[in-house]
Amino acid sequence: MRIGLFGLIYLAVGVVVALSNGYNSVAGVSEIISLLAAIVLWPAVLLGVDLHVPPIAT
């Protein structure tokens with residue numbers, strides 16, 4: 001599997017957008033899922049969509 005230049009730029013922008021919009025906690029599984037969703041779906045984050053996953057009960 002090979003990610004092109006566009007893919008790398010897309011993911012880099014996603015990381016910046018996610019971290020600057022409060023998706024910077026990786027204390028639990030739900031926070032990690034939220035962070036990954038925000039990185040991949042960063043255009044939605046820019047439009048104001050809240051991608052925070054509720055805490056998973058253990």
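When a residue number appears, it is its place in the shown sequence, counting from 1. Because the structure is a prediction, the values reported are computed rather than measured.
A heavy-atom distance below 4.5 Å is found between the side chains of His52 and Tyr23.
Heavy atoms only, all atoms of each residue included: Pro55 and Ser30 are closest at CA-OG, 3.6 Å. Annotation for Leu51 and Ser34: closest pair O-OG, 3.6 Å, computed over non-hydrogen atoms. The heavy-atom pair separating Val15 from Ile39 by the smallest distance is CG2-CD1, 3.9 Å.
Of the residues Leu35, Ile32, Ile33, the one that meets the side-chain contact (heavy atoms from CB on, under 4.5 Å) test with Val53 is Ile33.
The hydrophobic clustering, which links ILVMFWY residues whose side-chain heavy atoms are closer than 4.5 Å, places Val16 and Phe6 apart. Transitive grouping of hydrophobic side chains (ILVMFWY, heavy atoms separated by less than 4.5 Å) keeps Leu47 and Val45 in distinct clusters.
Remark: side-chain polar atoms of Ser25 are not paired, donor with acceptor, to backbone N or O of Glu31 under 3.5 angstrom.
Val13 is linked by a side chain to side chain contact (heavy atoms under 4.5 Å, CB included) to Ile9, Val17, Trp42, counting only residues two or more places apart in sequence or in another chain.
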